[in-house]
Amino acid sequence: MEFTIKSGAPEKQKTPCLAVGVFAGTARGEVFDALDRASDGALATLLADGELDDKAGASLLLHAPAGLACQRLLLVSLGEAESLADKPWRDAVASVARYAANAPFKELVFALAQVELPGRDLVWRLEQCGRMLADAAYRFTLHKGKADKPDKGVSEIRVLLSARAGDADKRALERGQAIAEGMSLTRDLGNLAGNICTPSYLADRARKLGKEMKLKVEVLDRAAMEKLGMGSLLSVAKGSAEPPKLIVMHYKGAKAKDKPVVLVGKGITFDTGGISLKPGAEMDEMKFDMCGAASVFGTVKAVARMGLPINLIGVVPAAENMPGGRASKPGDVVESMSGQTIEILNTDAEGRLILCDALTYVERFEPACVVDIATLTGACIIALGKIPSGLLANDDALAAELLAAGQASGDRAWQLPLWDEYQELLKSNFADMANIGGRYGGAITAAAFLARFTKKYAWAHLDIAGTAWLSGDAKGATGRPVPLLSEFLIGRAGRD
Ligand code: BES
Ligand code: MN
Ligand code: ZN
C-alpha cells in the first residue's frame, strides 16, 4: 500500500473514490457540509431520507455525485458526535478499510484522519489509519495457485488533511505502515501450514529477516541447547522428527550499553498434545501454536522498519509437539536450564516447557524487561473470551505500560492476578514442580509456572490463545499482538 498526505477542498478531489466520515443528527461535520454545499444540498436530502444508518461504520456509496469532482463518494457513519470515541472512530475507519480492500479501482482519497477525536491527536490518528488501512489489504496467498491471486483492491491512499502536514504527521503514517508490515509477516507465518512452517523453516526465515533488516541472528541447534542444559525445551521436541531450534534476533537501535527489551515467543509449530493427545476436532488450528513466535518476528521487523532508537532482542524457542516412540510421557521428570526439575504430568502443557528454558537463557542479556508472548492456554479463552489478550506480570509498572499500549493501539490486554497463593497448585510429589496446576485458573497457573523462571528481571506474559487467530469462515492469523507490542516499544523509544 502506498500512502501520501495532501490538503485541499474535499469537493475538488478528482479521484475514483472519496471516503468521508459523517455524524448522525443535523451537525454532520465540516467535510460533509462542504460537500453538501457543492452538491446543492442533495447529500443532506439523501441522509434526511434515512439512506445512511446512524451506527458507526455503516456506509453509503454514491456514484457520480452531482457537483463533486470524485467519481464515487463513500459516506461512512461516525455515530453521534457527542459520543465520538476510539471505538466508533475505529469502526468507521475499519469500514473504509474493508471496502477499499475489495474495491474495483486503485486509488482512494481518505478524509477520516482529520476528524477530531477527544483525547487523540493527529499523530495518533495517522498512525492508526496507516496501520488499519494497510493491514486490511492483507491476503494470504502463499499456498494458493497463480489463478487464485486476485489483483483487487486499492493500492494508493491519499490522506486528506485540512492543513499542510508536518514531519511528525508523515512519520506517524509511516509508523502505521511499518506496523502493518510487521503484522503481515506475523500473519503469513501463522497461516503457513505446519508441514512447511517447521522450527527449521522459522530459523531460515529469521536469517532472511536478518539480511533484510541488518540484524544479527543466531540459531542454536539441539547440540548447543544440550550444552546449555535445556532439558525442558528439548523434552518437548523428543517425539518429533523435526529438530528444535532456539532463534535469537538482535536489533541494535541504541548505544551498546543501553539495556535491551527482550521478547520471547512460543514457537510450537504444531501442537498435537503429544502423548496426552488432543481430540481430533479443530486440531488443524494447532498450526497457529507458533503465533507468539510469529508476533516476535513481526514486531522485530516493524521496529527495524521504524528505526526506533532502542535495543531489542527477539527470542524464539521452536519445536513440534508430537507423540512418538521417544516422546515424553506423563510422569517423566526433566531438568530445566535453571536447575529446577519439572514433572511432566501432561505433555499438552508444552508451551511453558519450552518457554522456561528460553526465559532462563535471556538472563545473559541483562534485559531492561522481558515480555513473553504465547498461545499458552485454552483456559485464557474461557476466562476472557477472544477480545483481549491475557496479561500477567511480576512488575506493576511494566504491566501498566503494556495495558496502556493495548488501549492506545486498540489491541487490548486485560490483567489477571499472579499472587503467590497460586504457586501451591504446581506442587509435585516427585520434582520441584509439576507442569500443570489442576482444573481451575489455568491461564494463571501457567503464568505462575513461568514466574519461577523470571525472578531476575521485570517480566510480563501475554497469553494470546484467544486473540492470535480467528476460527470459522474467517479462519486465519490476526497479527495480534504486534500493534500492542509496537506501541509499547514506540513508547519505550520516546515518541519522536
Ligand atoms: N496450545 C495450547 C493452548 C491452546 C488451546 C491455545 C486451544 C488455543 C486454543 C497449549 O499447549 C495447551 O494445550 N494447553 C493446555 C494446558 C493444559 C494441558 C493444562 C490447555 O489449555 O488445555
Ligand atoms: Mn499443548
Ligand atoms: Zn501449545
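Any value given below was found using the heavy atoms of this structure, including those in side chains, with hydrogens, waters and symmetry copies removed. Atoms within a ligand are numbered from 1 in the order they appear, just like the ligands themselves.
- If you look at Lys266 next to ligand 1, the close heavy atoms, those under 4.0 Å, all belong to the side chain.
- At least one donor-acceptor pair closer than 3.5 Å links the side chain of Ser276 to the backbone N or O of Thr347.
- Under 4.0 Å is where a charged nitrogen must lie from a carboxylate oxygen, and between Arg305 and Glu212 no such pair does.
- Tyr422 and Trp419 have parallel rings, their planes meeting at less than 30° on a 0 to 90° scale where 60° marks the start of perpendicular.
- Salt-bridge annotation for Asp432 and Arg452: absent, with no side-chain N of the basic residue lying under 4.0 Å from a carboxylate O of the acidic one.
- In summary, Ala349 places no N/O/S atom under 2.8 Å from the Zn ion (ligand 3), failing the contact criterion.
- With ligand atoms numbered from 1 in the order given, ligand 1 contributes 19 (C) to contacts under 4.0 Å with heavy atoms of Ile436.
- With Gln423 contributing its side chain and Ala448 its backbone, the two residues share a donor-acceptor pair below 3.5 Å.
- Residue side and main chain included, Asp348 places no N/O/S atom under 2.8 Å of the Zn ion (ligand 3).
- For the Mn ion (ligand 2), the set of nearby N, O or S atoms under 2.8 Å includes none belonging to Asp289.
- In this structure, atom 11 (O) of ligand 1 is in close contact with the protein, since a protein heavy atom lies within 4.0 Å of it.
- For atom 7 (C) of ligand 1, the nearest non-hydrogen atom of the protein is Met286 CE, 3.5 Å.
- Residue contacts with ligand 1, taken as heavy atom pairs separated by less than 4.0 Å, involve Asn346 solely via side-chain atoms from C-beta onward.
- With atom 6 (C) of ligand 1 as the reference point, the heavy atom nearest to it among Ala434, Gly466, Ala465 is part of Ala465.
- Of the charged side-chain nitrogens involved, at least one lies within less than 4.0 Å of a carboxylate oxygen, so that Asp91 and Lys87 count as a salt-bridged pair.
- The CG atom of Asp411 sits 4.5 Å away from atom CZ of Arg480, with the distance rounded to the nearest 0.5 Å.
- Counting heavy atoms closer than 4.0 Å to ligand 1, residue Leu376 contributes backbone atoms (N, CA, C, O) but none from C-beta onward.
- Taking the Zn ion (ligand 3) as reference, Asp289 places its N/O/S atom OD2 nearest.
- With the Mn ion (ligand 2) at the apex, Glu350 OE1 and Asp348 OD1 define an angle of roughly 120° (rounded to 10 degrees).
- Remark: the Ser389 side chain and the Thr467 side chain contain an N/O donor-acceptor pair separated by less than 3.5 Å.
- In this model, a donor atom of one side chain and an acceptor atom of the other lie less than 3.5 Å apart for Gln128 and Arg131.
- The Zn ion (ligand 3) is the vertex of the angle joining OE2 of Glu350 and OD2 of Asp271, which measures 90° to the nearest 10°.
- Nearest protein heavy-atom contact of atom 16 (C) of ligand 1 is Arg352 NH2, 3.9 Å.
- The N, O or S atom of Asp271 lying closest to the Mn ion (ligand 2) is OD2.
- Between Arg187 and Asp135 there is a salt bridge, since a side-chain N of the basic residue sits under 4.0 Å from a carboxylate O of the acidic one.
- When only non-hydrogen protein atoms are considered, atom 1 (N) of ligand 1 lies nearest to Asp289 OD1, 2.8 Å.
- Near Glu350, with a cut-off below 4.0 Å to any heavy atom, the atoms of ligand 1 are 11 (O).
- Distance from atom 21 (O) of ligand 1 to its nearest protein heavy atom, with residue and atom name: Gly378 N, 2.7 Å.
- For atom 15 (C) of ligand 1, the nearest protein heavy atom (residue, atom name, distance) is Asp348 O, 4.0 Å.
- Each of Val316, Leu355, Ile464 was scored for a side-chain contact (heavy atoms from CB on, under 4.5 Å) with Lys266, with one residue passing: Leu355.
- For the ligand labelled ligand 1, residue Trp469 lies inside the 4.0 Å heavy-atom shell.
- Listed for the Thr269 side chain is no donor-acceptor partner under 3.5 Å among the backbone atoms of Thr198.
- Remark: the backbone N or O of Ala58 is not paired with any side-chain donor or acceptor of Ser77 at under 3.5 angstrom.
- Within the structure, ligand 1 has Lys278 among the residues with a heavy atom less than 4.0 angstrom away.
- The protein heavy atom nearest to atom 2 (C) of ligand 1 is Asp271 OD2, 3.6 Å.
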